[in-house]
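To start, the structure under review is shown below, and the notes come after it.
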Amino acid sequence: MFNKSLSICLLSICLSIPLSANSGFEYEGINVKFLTNQGTVSEISVKRDIPEECKKVPINNSIVWTGNYANTKVPDACKSTYVHTTGKLLPMHLHEDINTYGELEVLAFIKHMQSDDSMMLIDGRKQDWYDYRTIPGAINMPFHHFKERKAFEFEFEHELRTLGVIINEDETLDFSKAKTIVIFCNGPWCSQSVAMIKALLEIGYPAENMKWYRGGIQTWLAAGMTSTRK
Amino acid sequence: MRKMILPIKLLPTYNLSPQHARFFSVFFPFITHLFHTLYTTINNDTSRGKRMFYKYIIISLLLSSLLLTKELGLENENIRIKTIDTKGKVVYTVIKQDIPEVCKKVPINNTMLWTGNYANVKVPEVCKSTYVHTVGNILPVQLHEDITTYGELEVLDFMKQMQSDDSMMLIDACKEEWYEYRTIPGAINMPFHHFKERESYEFEFEDHLRELGVYGNEEDDTLDFRKAKTITIFCNGPWCSLSVSMIQALLDIGYPPEKINWYRGGMQRWLEASMTSTRK
């Protein structure tokens, strides 16, 4: 049901792209509630932010691809810099039943998530990374709690409950109410989300309930999207 | 064509590319044989204490050989790509992920990766790059159910197979000046507007169709796609819709979607992954 509405939604976006510049739900913004470090609930509008001055930047070779790529003349507000030498490149698909998401699919998911408790956006990185900068509305479940679940028994069980997994008295797991989740980490070269997905598959989490945002924080920011840090 | 879905069960700590698997299948019998020979010799000839010592060495060697293979992904394999330069001369380029030594020492933490305009000023210039993040429109991951979306590794695998398979083609859909300036080595230029506005670019369009292995039936003016090539199309980035309008036009004329792959990431993702391009 969700997948169908999502694909219709994306198809209509795709068709409307040639017609309209800067329209679409990534510009309108989606109001997202999230917990701050102080434990209070805050609301933020998640959208693609394109400052006025950036709309005037001409798009040509010397602006986009010179030297270290973006031209020095491009205002700082319109460009960003990434470490391109870390991690290991990851394939596009991890598992035939796990959909790989892009920015628009993540946004559509965040939008649905606001009124559907069975959906959850998960940041698979360690807590200090999550606290520093993440996608608004994401919940932190550090990958090592899953990968090294013997050593993090308490955290692991707590997170399973958050995911809607019922732990039976005989220690077996009931996934009938398992949430639909989107997992991400630092970038398309970051394997923490992969390690978490692998651990979830091992314990029997239904693959159809997992989505992977391969692009992660880097690709999110490279699209000019809202994050929890200014 | 081989599908690039990697079974996650095969992933060790990081990802296991088909190259790892190939490496193991080729060298593993050899390595185990070597260790077996060593092991039996030691068992026969030496005292118990020495035997234990050698056993530990063998085990640690085995383990470290497993760790070493981690570097051997498709992106580190130095794939030689045949290209034709503007003068029509054949040139070979080696495609790989280029990670300077100095970058291997950059610590990976919040302040290095995500401060201010993201990469820290302390990160050496060669390890980072800057992108305009306010252009274009973000595109969905999937364009059509029969068109496979490719990432960097899938493109690399495609390019590798393309070297010995004439029915495969990597296509840069940008206009010619963009293609000339910087592209993925081995890519052929087919500007999107020749397809989108095919009425006005009749000559170029027909020329491209022939290159794509599409022939016209003389009697009824229809197109024959039986020999159509398997193509991977890209443009400037995941926000660049030139490749999308080219794909749209190809679908309109009846090009089989199974023979089209889309590298959504385009030039930007390619460079963000530190991969070889045609300009230094």
Side-chain angles (χ1 to χ4, degrees), chain A residues 10 13-14 17-18 21-22 24 26 48 50-51 54 57 59 61 63-65 68-70 74 76 78-86 88-96 100-105 128-129 132-133 186 188-189 191 194-195 197-198 201 214 217-219 221-224 229, chain B residues 4-8 11 13-15 17 70 73 75 97 99-100 103-104 106 108 110 112-114 117-119 123 125 127-135 137-143 149-154 177-178 181-182 236 238-239 241 244-245 264 267-269 271-274 279:
Chain A
L10 289 173
I13 290 165
C14 198
I17 281 167
N22 292 4
E26 72 267 39
R48 194 170 191 217
I50 303 192
C54 304
V57 175
I59 306 304
N61 276 314
I63 290 293
V64 183
W65 300 131
N68 219 353
Y69 311 135
V74 176
D76 273 339
C78 324
K79 62 185 179 186
S80 44
T81 305
Y82 302 91
V83 178
H84 62 221
T85 49
T86 54
K88 193 98 179 99
L89 288 178
L90 296 169
M92 200 66 194
H93 290 281
L94 293 179
H95 183 286
E96 57 183 5
T100 300
Y101 271 13
E103 295 68 43
L104 293 180
E105 291 82 0
D128 55 337
W129 290 83
Y132 193 88
R133 190 193 286 278
N186 274 318
W189 39 263
S191 52
V194 178
I197 288 173
K198 189 183 165 220
L201 286 174
R214 175 178 179 267
I217 296 286
Q218 176 169 324
T219 311
L221 296 171
R229 181 175 284 252
Chain B
M4 276 285 295
I5 292 181
L6 297 180
I8 198 168
L11 300 168
T13 25
Y14 291 89
N15 67 320
S17 69
K70 218 186 267 174
E75 68 275 29
Q97 192 178 33
I99 302 191
C103 306
K104 291 182 183 162
V106 175
I108 305 304
N110 277 315
M112 281 299 170
L113 254 50
W114 304 130
N117 218 354
Y118 311 126
V123 176
E125 282 299 320
C127 321
K128 62 187 178 187
S129 44
T130 306
Y131 303 91
V132 181
H133 64 222
T134 49
V135 288
N137 260 301
I138 307 166
L139 297 167
V141 161
Q142 206 70 43
L143 291 180
T149 301
Y150 272 7
E152 294 69 39
L153 293 179
E154 290 81 1
E177 51 165 328
W178 291 80
Y181 194 88
R182 193 192 284 279
N236 275 317
W239 39 263
S241 52
V244 179
S245 65
R264 174 179 180 268
M267 272 328 285
Q268 178 170 332
R269 271 306 114 69
L271 296 168
E272 266 182 48
S274 209
R279 181 176 286 251

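Owing to the predicted nature of the structure, the values given are computational and were not obtained by experimental measurement. Only this structure's heavy atoms are used, side chains among them; waters, hydrogens and symmetry mates stay out. Here is how names work: the chains are called A, B, and so on, in the same order as the sequence lines, proteins then strands, and each is numbered from 1.
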side-chain contact (heavy atoms from CB on, under 4.5 Å) between Glu272(B) and Gln218(A), intermediate numbers included = CA-CA 10 Å; Glu272(B) 266 182 48; Gln218(A) 176 169 324; 2.7 Å; yes
Are Met92(A) and Leu153(B) side-chain neighbours, meaning at least one heavy-atom pair lies under 4.5 Å?
-> no
Report the residues that fulfil side-chain contact (heavy atoms from CB on, under 4.5 Å) with Ser245(B), sequence neighbours left out, ordered by chain and then residue number.
-> Phe192(B), Lys196(B)
Which of these, Val132(B), Val135(B), Thr130(B), sits in a side chain to side chain contact (heavy atoms under 4.5 Å, CB included) with Val74(A)?
-> Val132(B)
When you look at Leu271(B) and Tyr69(A), which way does the side-chain contact (heavy atoms from CB on, under 4.5 Å) test go after all the steps?
-> CA-CA 9 Å; Leu271(B) 296 168; Tyr69(A) 311 135; 3.2 Å; yes
On a heavy-atom basis, the closest approach of Val141(B) and Gly102(A) is CG2-N, 3.0 Å
Measure Val83(A) against the heavy atoms of chain B and call it side chain, backbone, both or neither at under 4.5 Å.
-> both
Are any of the side-chain heavy atoms of Cys78(A) and His133(B) separated by less than 4.5 Å?
-> no
How many angstroms lie between NE2 in His93(A) and OG1 in Thr149(B), if you round to the nearest 0.5 Å?
-> 6.0 Å
If you tally heavy-atom pairs under 4.5 Å against chain A, which of Gly151(B), Ser274(B), Cys127(B) wins?
-> Cys127(B)
Electrostatic pair Glu152(B)-Arg214(A), nearest N-O below 4.0 angstrom = yes
Is Arg264(B) salt-bridged to Glu105(A), cutoff N-O under 4.0 Å?
-> no
